[in-house]
Undergrad: 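What follows is a structure written as structure tokens; I'll ask about it next.
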Amino acid sequence: MKFIQFIRFVLLAPGLCLGLAHAQDSAVYDTQQNLWKLYYQDPETSQWVNKTYEARTAIRPTIKSRIFSNGIPFSYQYTVRNQRGAKQNISVISIWGIPLVYTIPNLPFVTANAKTDPETEDKQQWVQLEAKKKFETGVVQAPRGWSAGLRVDEKEGKTSFVWTPGLKDTDSYGVEPGRSQSGFAVLRPELPGVARTYLQGRIAEPWGLDGLPETLFWTAKVDEIEAQDYLLVPVLAPVIPVPNPYNGAELARQLKAHVQTWLKYGHINADLLTRLNRQFDVLIPALDIGNKQAARAAVRAMRKECADRHPGLTDEKIGEDDDDHDAQAMPRMPVQRAAAPALAIDRVAARALAFDLRYLMERMDAGQ
Amino acid sequence: MPQSQINLQSMINAFAAEGWGTVALNDASLYWGGSYDITSNWGAPHKAHRDGREIDISFARAQNPVSISKQNDFYDKFCKSKKVHIPFSILHHYVRVPHFHVFLEKQQACFKSEH
């Protein structure tokens with residue numbers, strides 16, 4: 001009996017191996033055509049099929065971010081440019097993962113019981129939605145032909161500002177190569193930090209990764225493709241809440257905590273971070289005990305660290321940053337990172353720090 | 001299904017923000033529940049419309065056409081943000097009878113259907 005089983009196995013094994021060798025899931029990126037070539041067994045028909053998915057990174061974005069203020073809130077304004085040589089329009093723009101979920105002032109409560117008084121409950125739901133919408137349109141604004149929205153992830157405690165082209169035929173089709181689009185704006189009272197803008201190109205079939213088999217291989221492969229399917233550009237964004245009631249030392253602590261996150265994203269190198277931290281460790285206790293001289297010296301030293309590395313970085317206008325700098329896409333692949341110039345501090349990060357330190361000094365000099 | 005109802009209201013609000021007029025909704029559930037047997041075979045394509053958690057939106061009926069050139073923008077708008085919290089997801093049917101099949105709870109994926 002065992003011998004017969006062995007003979008069967010010997011006869012079947014080559015056939016099984018050939019079958020497996022022929023029918024194997026694959027996803028290969030063709031750099032020349034900017035396409036993912038996918039080969040898989042259709043879950044519905046069981047046929048092996050070839051499919052392509054156009055990568056959404058054939059864009060060449062830069063973003064100019066500026067802050068203007070006549071008090072509170074600050075107006076963060078962005079101009080997105082798609083440089084010549086890009087092959088796709090830019091159609092998804094999202095300032096990603098601001099580590100805050102906003103409290104909506106005077107948000108109407110839903111108090112009625114859905115089972116016992118569904119009509120009242122329904123009305124209250126609509127009133128609450130309207131209040132949320134009003135808040136949203138007061139925070140994030142879009143240029144003509146685009147729409148803006150807040151995407152809130154309450155579990156993660158994060159908010160994103162998202163802009164996409166409108167749905168009417170006369171609306172935008174994205175930022176074309178060689179063109180720029182201004183009018184993307186955020187109005188918030190938080191001080192600037194650095195966030196990253198997620199950008200994707202407009203492709204004919206963004207649903208190209210739908211309908212792949214729900215296997216371990218394809219789940220992992222889709223995650224891998226999506227993780228490479230966008231570019232990131234650093235921008236100034238409302239990240240650092242001003243303590244209320246105001247407390248300079250607490251604000252400096254929050255600024256220090258935000259600056260620590262820059263290392264992970266490559267906005268600063270470890271050496272400069274250590275040097276800045278030394279100054280923060282002077283600044284925070286100085287603000288705590290009201291030692292203005294020591295606080296000023298620490299701030300002066302930090303601003304010099306920024307200015308030495310970015311000539312022309314000034315902050316002459318109170319509450320404004322209108323630096324003319326266009327931030328480029330960050331290197332995401334290891335090869336790109338190796339080729340990118342090693343910066344001690346990204347200019348966007350230097351601008352955020354200079355702005356916030358000036359704010360701290362203004363409030364300190366005003367006796368706060 | 002209070003959660004479905006809240007999510008449906010939120011979705012209609014999101015459509016309104018995009019400039020849609022009337023949102024034409026149909027086939028959330030039969031009055032007494034049970035299967036919508038529209039093809040007389042007790043199966044697809046309408047078998048999931050059972051208890052108010054899945055609903056169809058016709059964009060042709062309410063004169064909100066999504067032109068072919070804008071389908072990808074629509075998809076991006078309502079599906080690209082799937083990785084952050086949205087309370088609904090959409091199955092896009094653009095061919096035979098153009099409509100969206102909306103999952104008001106649980107489902108987190110967005111798809112374009114060939115049907």
Side-chain angles (χ1 to χ4, degrees), chain A residues 44 56 89 91-92 94 96-97 101 110 113-115 118 121-122 125-126 128-130 132-133 136-137 142 146-156 158-160 162-174 198 200 202-211 214 223 226 229-230, chain B residues 1-21 23 44-45 52 59 63-95 100-101 107-115:
Chain A
E44 286 186 11
R56 306 188 67 169
N89 294 2
S91 66
V92 175
S94 169
W96 211 16
V101 170
V110 176
N113 187 309
K115 284 186 181 163
E121 194 266 352
D122 189 48
Q125 290 285 1
W126 282 117
Q128 191 179 77
L129 276 170
E130 279 306 308
K132 284 183 179 173
K133 188 73 219 163
E136 185 176 40
T137 52
W146 289 74
S147 67
L150 288 174
R151 298 282 183 264
V152 182
D153 183 349
E154 286 180 4
K155 274 188 201 157
E156 292 274 321
K158 289 184 176 174
T159 301
S160 303
V162 183
W163 293 275
T164 45
L167 295 175
K168 292 195 280 293
D169 286 346
T170 49
D171 284 339
S172 172
Y173 286 79
Y198 171 112
Q200 285 189 311
R202 190 170 193 270
I203 58 170
E205 298 192 344
W207 43 78
L209 297 176
D210 287 356
E214 290 176 5
D223 285 347
E226 288 187 336
D229 207 24
Y230 58 90
Chain B
M1 288 75 53
Q3 192 56 49
S4 278
Q5 188 193 327
I6 292 167
N7 293 351
L8 178 61
Q9 287 171 319
S10 164
M11 188 200 69
I12 291 169
N13 232 21
F15 273 56
E18 295 299 334
W20 277 51
V23 180
F59 42 87
Q63 299 182 326
N64 286 312
V66 181
S67 69
I68 289 171
S69 64
K70 278 289 175 186
Q71 285 175 8
N72 48 6
D73 290 324
F74 190 97
Y75 185 89
D76 273 347
K77 203 179 284 288
F78 286 92
C79 294
K80 277 314 295 179
S81 35
K82 65 189 175 186
K83 285 193 172 160
V84 293
H85 174 72
I86 51 167
F88 55 87
S89 58
I90 296 175
L91 180 60
H92 298 238
H93 294 268
Y94 288 117
V95 189
F100 300 125
H101 176 115
Q107 179 100 3
Q108 283 298 308
C110 254
F111 297 101
K112 177 176 180 285
S113 163
E114 300 304 324
H115 305 302

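Below, read A as the first sequence line, B as the second, and so on, with proteins coming before strands; counting in each chain starts at 1.
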Undergrad: Please look at A/A204 and chain B and tell me whether the side chain, the backbone, both or neither of the residue comes under 4.5 angstrom of a heavy atom of that chain.
TA: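 The backbone, not the side chain.
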
Undergrad: Determine whether B/D73 and A/R202 make a side-chain contact, defined as any pair of heavy atoms from C-beta on separated by less than 4.5 Å.
TA: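 The answer is yes, as the side chains (C-beta and beyond) meet within the 4.5 Å cut-off.
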
Undergrad: Heavy-atom distance under 4.5 Å to chain B: side chain of A/T159, backbone, both or neither?
TA: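 For A/T159, neither part sits under 4.5 Å from chain B.
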
Undergrad: Kindly compute the distance separating CD1 (A/I203) from CG (B/N72), expressed to the nearest 0.5 Å.
TA: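 These two atoms lie 8.0 Å from each other.
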
Undergrad: B/K70 and A/G166: which non-hydrogen atoms are nearest, and at how many Å?
TA: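 Minimum heavy-atom separation between B/K70 and A/G166: NZ-O, 2.8 Å.
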
Undergrad: Of the backbone (N, CA, C, O) and the side chain (C-beta and beyond), which part of A/K168 lies under 4.5 Å from a heavy atom of chain B, both, or neither?
TA: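 Contact with chain B: backbone only.
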
Undergrad: Will you find, in the side chains of B/D76 and A/T164, an N or O donor that is under 3.5 Å from an N or O acceptor?
TA: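 Result is no, nothing qualifies.
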
Undergrad: Could you go through the side-chain contact (heavy atoms from CB on, under 4.5 Å) check for A/D122 and B/Q9 one step at a time?
TA: CA-CA 9 Å; A/D122 189 48; B/Q9 287 171 319; 2.3 Å; yes

Undergrad: For A/E130, which atoms come within 4.5 Å of any heavy atom of chain B: side chain, backbone, both, or neither?
TA: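 It is both, since atoms from each part get that close.
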
Undergrad: If you count heavy-atom pairs under 4.5 Å between each of A/D169, A/L209, A/L129 and chain B, which one has the most?
TA: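 Highest number of pairs under 4.5 Å: A/L129.
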
Undergrad: Within the supplied structure, the quantity of interest is the number of heavy atoms (other residues, nucleotides, ligands) at a distance under 6.0 Å from A/K158 NZ; does it exceed 12?
TA: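 Counting neighbours around NZ of A/K158, 12 or fewer heavy atoms of other residues, nucleotides or ligands fall under 6.0 Å, so no.
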
Undergrad: For the CD atom of A/Q125 and the CG atom of B/L8, what is their distance to the nearest 0.5 Å?
TA: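 Atom-to-atom, A/Q125:CD and B/L8:CG are 11.0 Å apart.
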
